[in-house]
Amino acid sequence: MLNSRISTPLTLIAFLILSLQTGCETSSSPEASVAPEQSKLNTPETQSEKPVTTKPAASPDSSAASVTPQTAPAVSPQASTAVKTTDASTGSPKPLFKDWPAPKLAIVLTGERHGYLEPCGCTQNQTGGVSLLANLFQQIEERKWPVTAFDLGGLVKRNRRQSQIKYETILASMKDMNYAGIGLGPEELRFGADIFLQLHNPEPQAPNTTPTFLAANILFLETPGLGKTAFKIVEVGGVKMAVTSILSKSHVEKFPDITWQEPAKVLPDVIKQMQAAKPDLMILLSQSEKDESKVLAEKFPVFDILLTAGGVEDPLGEPTFIGKTMMVDVGHKGKSAGVVGYYPDQADKADPSKRFRFTVIELDKQRFKNTPKMAEHMQFYQDRLKQEDLAAKELPIDHPRGATFVGAETCGECHTKAYEKWLTTAHAHAYQSLIEGRQDQIERGEKIISRIYDPECLSCHVTGWHPQEVIRYTSGFVNKQESPHLLGQQCENCHGPGSGHIKLVEMDQLEEAKKVMRVTLAEAKKNTCYQCHDLDNSPKFEFDSYWEKIKHPWRD
């Protein structure tokens with residue numbers, strides 16, 4: 001029994017619990033539509049659409065983050081394009097492809113998924129995921145538009161066993177969506193040549209509808225053509241495309257058995273081979289910062305479309321025209337997808353932008369539904385995680401404090417009020433939510449797939465894990481059978497393991513006991529709340545001001 005003389009409750013626990021229930025609401029990423037031939041903006045359809053303001057064309061790397069959801073993007077004088085945005089968080093998002101005539105071809109562009117097979121799921125109305133993306137393809141196909149797709153790369157975040165399983169799952173889902181090509185980013189290459197070559201399909205039987213790995217300036221085991229191709233010729237809907245991909249110097253790391261070459265040195269020969277096929281469109285997937293991609297577009301003006309990395313997480317969707325090259329970025333974490341409409345009949349030598357319309361589409365749950373086929377992939381993915389029991393088998397790490405986790409019930413022996421409050425919160429039932437799903441999922445009739453064997457989910461729904469790194473601490477939760485006292489989001493995920501605190505209490509070192517469990521504002525941001533919740537992008541929560549409102553006697 002803990003010494004009951006510590007009468008000051010850990011009110012910070014209640015604060016953290018209540019505040020974190022605001023969730024990791026994602027910042028809205030307005031959808032921007034480019035209509036090159038329009039001289040006037042379309043009439044707004046919903047209250048959420050904002051008027052467009054005009055300003056001089058921004059540089060390619062101008063920060064969209066400086067534009068709030070209430071501020072519309074600029075009209076680019078270079079492209080003579082009209083751009084309209086929708087704030088999905090304040091009203092109904094606009095209809096897809098409003099005022100678009102049927103294009104000769106629709107090209108879906110994605111990239112920098114960073115492991116988000118689906119949104120993290122801790123709050124309602126999160127955007128993105130392969131299931132909603134697949135529904136976008138369905139809606140395009142229902143319009144009878146020919147469609148193809150390319151991904152910039154950066155599909156996963158880590159190079160552990162779970163990442164390998166996830167990588168295979170994402171590739172399977174992309175095959176079902178008929179992706180034609182995938183660039184190679186640093187995330188893929190971190191697997192190393194041996195693992196990567198085991199995971200890929202070098203010679204797809206249906207090349208137009210099966211993703212091929214593209215990399216013009218990467219060699220595996222010093223062997224050209226091994227594991228990827230420098231470029232690919234794809235023909236869909238009567239449009240012939242030549243597509244290649246490069247990895248810039250700024251994105252290069254030391255990869256096992258992988259050689260990087262300077263893009264400017266290898267692209268001339270690759271371009272010559274691509275042009276020999278007499279394509280209608282030349283496309284470059286550039287795993288580069290935006291300023292580097294701009295330099296490539298200037299040096300190699302033969303490309304019609306350039307998809308670049310290095311943009312913001314939620315792009316506004318305005319393209320940059322560098323000569324005839326339309327450079328675009330489509331965001332991170334799979335929250336959005338870019339769509340290019342190709343209109344060759346509207347081509348104008350004086351204004352090459354008229355060939356295209358471009359929009360970044362936020363994959364929200366108002367316009368898009370989950371796709372049953374993607375649910376099958378998710379179920380198979382979770383089954384594989386269960387079979388390999390990665391949560392228990394991955395090597396744990398020691399906590400820096402050197403203490404062990406004791407569980408909320410033990411904390412509650414002294415901190416009764418805080419414990420009783422915690423029992424009434426969703427955090428106390430976080431583990432169960434991995435089985436039952438959220439109420440909004442149930443109301444939508446979604447298939448609930450258990451995620452209790454998924455380390456990336458467990459790291460925020462149980463106690464004793466490092467959430468950002470998805471690593472279990474030595475005394476942290478393993479499974480319900482071995483560590484039932486650590487189910488849910490508990491006190492120690494914020495305050496650290498409590499065994500040392502208990503020892504100090506039993507030694508009557510009360511002031512030291514208080515200090516060891518103290519959480520400051522800086523620590524809370526770095527080590528606790530922000531590890532699971534994207535509070536900086538939450539419109540409902542201001543961490544600093546809330547912290548100042550509470551009167552925690554132990555904080556600095």
Taking Trp260 for its side chain and Leu247 for its backbone only, find out whether a donor-acceptor pair lies under 3.5 Å.
-> yes

Sidechain-backbone polar pair: Ser163 side chain, Arg158 backbone, donor-acceptor under 3.5 Å = yes

In sequence, state the C-alpha distance, the side-chain angles, and the governing distance for Gln126 and Cys120, and then conclude on side-chain contact (heavy atoms from CB on, under 4.5 Å).
-> CA-CA 8 Å; Gln126 290 182 302; Cys120 76; 3.3 Å; yes

Would you sort out whether Glu168 and Arg384 count as a salt bridge (Lys or Arg N to Asp or Glu O under 4.0 Å), showing the intermediate values?
-> CA-CA 11 Å; Glu168 293 180 87; Arg384 291 186 66 184; 3.4 Å; yes

Is there a donor-acceptor contact under 3.5 Å from the side chain of Arg451 to the main chain of Ile449?
-> yes

In terms of heavy-atom contacts, His377 and Ala172 come closest through CE1-CB, 3.6 Å

Output yes when a side-chain donor or acceptor of Arg355 lies under 3.5 Å from a complementary backbone atom of Tyr342, and no otherwise.
-> no

Working to the nearest 0.5 Å, report the span between CG of Leu284 and CZ of Phe150.
-> 12.0 Å

Any side-chain heavy atom of Leu184 within less than 4.5 Å of one from Leu189?
-> yes

When rounded to the nearest 0.5 Å, the distance separating CG of Leu133 from CG of Leu117 is 11.0 Å

Just wondering, are more than 12 heavy atoms of other shown residues or ligands nearer than 6.0 Å to NZ in Lys369?
-> no

Heavy-atom pair with the smallest gap, counting every atom of Met374 and Val130 = CG-O, 3.7 Å

Output yes when Arg367 and Glu362 qualify as a salt bridge under the 4.0 Å nitrogen-oxygen rule, no when they do not.
-> no

Do Tyr179 and Phe137 have their ring centres less than 6.0 Å from each other?
-> yes

Checking Lys373 side chain against Ser131 main chain: does a donor-acceptor pair fall under 3.5 Å?
-> no

Grab the two heavy atoms, one from Thr244 and one from Ala230, that are nearest each other, plus how far apart they are.
-> OG1-O, 2.6 Å

Just wondering, do Glu118 and Met378 contact through their side chains at under 4.5 Å, heavy atoms?
-> yes

Is the closest basic N to carboxylate O distance between Glu394 and Arg160 below 4.0 Å?
-> no

Which residues share a side-chain contact (heavy atoms from CB on, under 4.5 Å) with Thr308, sequence neighbours left out | Lys290, Ser293, Leu306, Met327, Asp329

Any side-chain heavy atom of Ser433 sitting closer than 4.5 Å to one from His461?
-> yes

Roughly how far, to the nearest 0.5 Å, is CG of Leu307 from CG of Leu152?
-> 4.5 Å

Glu456/Lys166 ion pair, N-O < 4.0 Å | yes

Please report the closest heavy-atom contact between Phe358 and Pro319, naming both atoms and the distance.
-> CD2-CD, 4.3 Å

Side-chain (Gln382) to main-chain (Gln379) donor-acceptor, under 3.5 angstrom = no

Examine distances only and state if a side-chain atom of Thr110 and a backbone atom of Ala337 form a donor-acceptor pair shorter than 3.5 Å.
-> no

Within a strict 4.5 Å, meaning less than it, do heavy atoms of the Ser286 and Leu296 side chains meet?
-> yes

Stepwise, does the side-chain contact (heavy atoms from CB on, under 4.5 Å) test hold for Arg472 with His466?
-> CA-CA 6 Å; Arg472 178 172 59 87; His466 190 301; over 6 Å; no

Does the Asn493 side chain pair with the main chain of Val462, one donor and one acceptor, at a distance under 3.5 Å?
-> yes

Which residue pairs satisfy the salt bridge (Lys or Arg N to Asp or Glu O under 4.0 Å) criterion with at least one member in residues 182-197, sequence neighbours excluded?
-> Arg190-Glu253

Between Tyr381 and Gln162, does any side-chain donor sit less than 3.5 Å from a side-chain acceptor?
-> yes

Test of ring centre spacing under 6.0 Å for Phe255 and Phe191 = no

First locate atom CD1 of Ile361, then atom NZ of Lys94, and finally report the distance between them rounded to the nearest 0.5 Å.
-> 9.0 Å

Shortest non-hydrogen contact from Pro301 toward Lys324 = O-CE, 3.3 Å

Answer with yes or no whether the side chains of His251 and Glu289 bring together a donor and an acceptor at under 3.5 Å.
-> yes

Find the distance between CG (Asp257) and CZ (Phe196) and round it off to the nearest 0.5 Å.
-> 13.5 Å

Do Phe380 and Thr169 have side chains that get closer than 4.5 Å, going by heavy atoms?
-> no

Do the rings of Tyr343 and Trp100 sit parallel, tilted or perpendicular, given the 30° and 60° boundaries?
-> perpendicular

Hey, is OH on Tyr453 packed in by over 12 heavy atoms from elsewhere, all under 6.0 Å?
-> no

How close do Gly341 and Pro103 get, heavy atom to heavy atom, and via which atoms?
-> CA-CB, 4.0 Å

Just checking, is any N or O donor in the side chain of Thr127 or Lys335 under 3.5 Å from an acceptor N or O on the other one?
-> no

Would Lys386 and Asp454 pass as an ion pair if we require N to O under 4.0 Å?
-> no

For the residue pair Val147 and Val236, establish whether any side-chain heavy-atom pair is separated by less than 4.5 Å.
-> no

Any Lys/Arg nitrogen of Lys447 or Glu376 sitting under 4.0 Å from an Asp/Glu carboxylate oxygen of the other?
-> no

Any chance the side chains of Glu292 and Ser250 put a donor and an acceptor closer than 3.5 Å?
-> yes

State the CZ-CE distance between Phe231 and Met274, to the nearest 0.5 angstrom.
-> 7.0 Å

Does Thr325 offer a backbone N or O that forms a donor-acceptor pair with the side chain of Asp304 under 3.5 Å?
-> no

Considering only heavy atoms from C-beta outward, does the side chain of Gln139 approach that of Phe97 to under 4.5 Å?
-> no

Answer whether the closest heavy-atom distance between the side chains of Glu388 and Arg161 falls below 4.5 Å.
-> yes

Using atom types as modelled and distance alone, determine if a side-chain donor or acceptor of Thr148 lies under 3.5 Å from a backbone N or O of Ile107.
-> no

Could you give me the CA-CA distance, side-chain angles and deciding distance for Glu112 and Val330, then say whether side-chain contact (heavy atoms from CB on, under 4.5 Å) is met?
-> CA-CA 9 Å; Glu112 297 185 278; Val330 294; over 6 Å; no

CZ (Phe300) with more than 12 external heavy atoms under 6.0 Å = yes

Under the side-chain contact (heavy atoms from CB on, under 4.5 Å) rule, what do Ser288 and Ile246 come out as? Steps first, then yes or no, please.
-> CA-CA 8 Å; Ser288 312; Ile246 63 94; 3.4 Å; yes

Between His114 and His332, how do the two ring planes meet: parallel, tilted or perpendicular, split at 30° and 60°?
-> perpendicular

